[in-house]
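First up is the structure itself, then whatever we jot down about it.
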Amino acid sequence: MFGFLKELVKTDKPVTDVAPSERTELAKAMIDLLVEAANTDGGIDEDERHIIAHIIAEHFALDEEEVNHLFDEAVIAAKTRVDIHSLTR
């Protein structure tokens with residue numbers, strides 16, 4: 001997983017060579033990590049939300065509705081998560 005994330009950061013090509021369900025799972029993992037990182041200062045502002053949503057939409061070729069849904073789920077999960085180690089499995 002970390003190898004994939006590292007490669008994702010290196011390229012600006014959309015991830016389209018995997019099945020849509022796998023692409024969604026990869027996007028969810030990435031957005032979970034980005035939400036945790038953005039939340040380290042105690043909250044996520046609109047600029048951070050927009051940037052994260054844009055990155056996810058572009059790299060995973062997802063529509064705005066799906067990205068917003070994943071983002072909302074990630075924010076809820078981050079509020080109840082007691083550690084971030086579960087994100088690295």
Keeping the roles fixed (side chain from Asn68, backbone from Glu64), state whether a donor-acceptor pair exists under 3.5 Å.
yes

If you look at every heavy atom in [X] and [Y], which pair is closest and at what distance?
| X | Y | value |
| --- | --- | --- |
| Ile31 | Ala74 | CG2-CB, 4.0 Å |
| Ile52 | Ala38 | CD1-CB, 3.9 Å |
| Glu66 | Leu62 | OE1-CD2, 3.5 Å |

Partners passing side-chain contact (heavy atoms from CB on, under 4.5 Å) against Asp72 (at least two apart in sequence or in another chain):
Arg49

Interatomic distance, [X] atom [atom1] to [Y] atom [atom2] [nearest 0.5 angstrom]:
| X | Y | atom1 | atom2 | result |
| --- | --- | --- | --- | --- |
| Leu34 | Asp32 | CG | CG | 9.0 Å |
| Ile51 | Glu46 | CD1 | CD | 11.0 Å |
| Leu70 | Glu25 | CG | CD | 8.5 Å |
| Leu26 | His59 | CG | NE2 | 13.0 Å |

Please report the C-alpha distance between His69 and Glu73 in whole Å, then the side-chain angles of each, then the deciding distance to 0.1 Å, and finally whether the side-chain hydrogen bond (donor to acceptor under 3.5 Å, both in side chains) criterion is met.
CA-CA 6 Å; His69 176 72; Glu73 284 184 343; 2.8 Å; yes

